[in-house]
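Just so it is clear, the values below take in all heavy atoms, side chains as well, and ignore hydrogens, waters and symmetry mates. In this text, all values refer to a predicted model and were calculated from it rather than measured experimentally.
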Amino acid sequence: MKPKKNLIAATMLAGAATALSFLSAGQAQAQGALVMYCGVQEEWCRAMTTAFERETGIKVSMTRKSSGEIYAQVKAEAANPRADIWWGGTGDPHMQAAEEGLTVEYKSPKLAELQDWAVRQWEQSKQRTVGIYSGALGFGYNTELIKSKGIPEPKCWADLLNPKLKDEVQMADPNSSGTAYTLLATIVQIMGEDKGFDYLKALHKNVNQYTKSGAAPAKAMALGETTAGIAFMHDIVTMVVDKAPVKVVAPCEGTGYEIGSMSIIKGAKNMDSAKKFYDWALTPEAQKLGAEAKSYQVPSNKNTPVPPQAPKLSEIKLINFDFAKYGSSEERKRLLSKWDNEVKNLPK
């Protein structure tokens, strides 16, 4: 009888373990999961991930990359998408992804609370991407290096061509960085394509490095690794807040700006979680996390406090940036190919 009792006990234990395993699987399924590609600074990506997990119990797997890199990955994975939501980064690659059918239509109940420019992004993309923040492009310089090298303080795009700044200017590569693509599209719109590319060729002589990330030049300036750097002004402000000897410049000729965006990836395996994150990310509570993570963009929800450190868009000479044209697949491919052939590969 003893072996039989042991067998019964073992069977009961196995049954209980199986029940527990189904229970935990059920709980995990109830809580859900989310795979996010994040296009802002690592600190902000992490803050959003942590807050959303705490709020909903949904487990988030987050990968941080630059906008162009995320677009390339989403395109490469189109047949078997790994991610559910693409949050942050410049709007141009989001617009290209929308046009190419890599993302899906979604109308959030939060749409009515958003700034006009955020809704316009949603309309132009045929409801496939929405604006989550805005920020102006500019450049900065390390005040100590400018002084020690005897270089006049640059105030305009033209000033970055000063021969004294040879190998002293840093910017990102527009193939990987939305920031740098915004520069490319901005210069073409301000100067016209021919003169714009002449400017970029001349600037090339002064560029010491084309970084992968758009915010990297701001950090390099703060560390004294480069005298001047082209970046979104809010990324340079972060360095100023951290007491780096850096000055932010809104170029005198005018400048472009970004509408940071969010898209749901077509074929998302966790579609319900993606929609929950989308709606949550448009709330003031979620958008306030940007300033707390020292990211000083202008939020898209009208009820989100604008960080006092954020560059005042009303005081900057902003161009009438054509997001529809420069976010189109054809125009992005053409301009990036032209930049590769005519600028990047030039000798110094």
May I ask you to check whether over 12 heavy atoms, not counting those of K155, lie within 6.0 Å of atom NZ? no

Would you say NZ of K269 has more than 12 non-hydrogen atoms from neighbouring residues, nucleotides or ligands within 6.0 angstrom? yes

What are the two closest heavy atoms between [X] and [Y], and how far apart are they?
X    : Y    : answer
S176 : S66  : O-CB, 3.1 Å
P154 : I146 : CD-CD1, 3.9 Å
S213 : A172 : O-CB, 3.5 Å
M233 : A250 : CE-CB, 3.8 Å
A281 : W87  : CB-NE1, 3.9 Å
S273 : F52  : O-CZ, 4.2 Å

[X] and [Y]: side chain donor to acceptor below 3.5 Å:
X    : Y    : value
D340 : N345 : no
T103 : S263 : no
Q127 : E123 : no
S261 : Q121 : yes
K276 : N270 : no
S295 : Q41  : no

Check this for me: does any side-chain nitrogen of one of [X] and [Y] sit under 4.0 Å from a carboxylate oxygen of the other?
X    : Y    : result
R46  : E42  : yes
K344 : D173 : yes
E105 : K126 : no

Residues that, via side-chain heavy atoms closer than 4.5 angstrom, fall in one hydrophobic cluster with L102: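 Members other than L102 - counting any ILVMFWY side chain reachable under 4.5 Å - are Y37, I70, Y71, V74, W86, I265.
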
Aromatic contact between Y181 and W339, with the criterion being ring centroids under 6.0 Å apart: yes or no? no

For the residue pair Y257 and F323, is the inter-centroid distance of their aromatic rings smaller than 6.0 Å?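 Aromatic pair counts; centres sit under 6.0 Å.
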
Checking the side chain of [X] only, and the main-chain atoms of [Y] only, is there a donor and an acceptor separated by less than 3.5 Å?
X    : Y    : answer
E253 : A158 : yes
T255 : P251 : no
S337 : K333 : no

Who passes side-chain contact (heavy atoms from CB on, under 4.5 Å) against [X], sequence neighbours left out?
X    : answer
E113 : K110, P284, N301, N303
Q189 : A185, I319, F321, D322, Y326
K243 : none
C252 : C156

Distance in Å, [X] [atom1] paired with [Y] [atom2], rounded so as to fall on 0.5 Å steps:
X    : Y    : atom1 : atom2 : result
D92  : L184 : CG    : CG    : 10.0 Å
I230 : L137 : CD1   : CG    : 7.5 Å
S329 : Q96  : OG    : CD    : 4.0 Å
S67  : H94  : OG    : NE2   : 6.0 Å
I264 : I85  : CD1   : CD1   : 4.5 Å
I259 : T129 : CD1   : OG1   : 10.0 Å

Would you indicate whether the side-chain heavy atoms of [Y] and [X] approach each other to under 4.5 Å?
X    : Y    : value
D279 : P109 : yes
I58  : F277 : no
R128 : Y106 : no
P311 : V248 : no
L145 : K147 : no
L183 : W157 : yes
I316 : K312 : no
T143 : V246 : no

Please work out which of the three classes, parallel, tilted or perpendicular, describes the rings of Y133 and W44, given edges at 30° and 60°.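 Aromatic pair W44/Y133 classed tilted.
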
Partners meeting side chain to side chain donor-acceptor pair (under 3.5 Å) with [X] (sequence neighbours left out):
X    : result
Y210 : H204
Q287 : S300, T304
K294 : D242
Q309 : none

Quick one: which residue pairs count as a salt bridge (charged side-chain N to carboxylate O under 4.0 Å, His left out) with a foot in residues 183-212, not counting sequence neighbours? E69-K212, E193-R334, E193-K338, K201-E342

Residues M95, E100; criterion side-chain contact (heavy atoms from CB on, under 4.5 Å); working and verdict: CA-CA 9 Å; M95 294 286 282; E100 294 174 357; over 6 Å; no

Residue pair W122, W117: steps toward the ring-ring contact (aromatic ring centres under 6.0 Å, His included) verdict: CA-CA 9 Å; W122 179 77; W117 45 262; over 10 Å; no

Could you go through residues 215-227 and list every donor-acceptor pair under 3.5 Å that involves a side-chain atom there, pairing it with any protein atom two or more places apart or in another chain?
from	atom 1	to	atom 2	distance (Å)
T226	OG1	E168	O	3.0
T226	OG1	N208	ND2	2.9
T226	OG1	A228	O	3.2
T227	OG1	E168	OE1	2.5

Do L203 and V169 pass the side-chain contact (heavy atoms from CB on, under 4.5 Å) test, and can you show the C-alpha distance, the side-chain angles, and the key distance before you say yes or no? CA-CA 8 Å; L203 179 65; V169 179; 4.3 Å; yes

Intermediate values then yes/no, side-chain contact (heavy atoms from CB on, under 4.5 Å), M36 and D84: CA-CA 6 Å; M36 175 170 74; D84 307 305; over 6 Å; no

Which pairs count as disulfide (SG to SG under 2.5 Å) when at least one residue sits in residues 59-142, sequence neighbours excluded? none

M262 vs I132, side-chain contact (heavy atoms from CB on, under 4.5 Å): CA-CA, chis, key distance, verdict: CA-CA 7 Å; M262 171 171 59; I132 52 176; 3.9 Å; yes

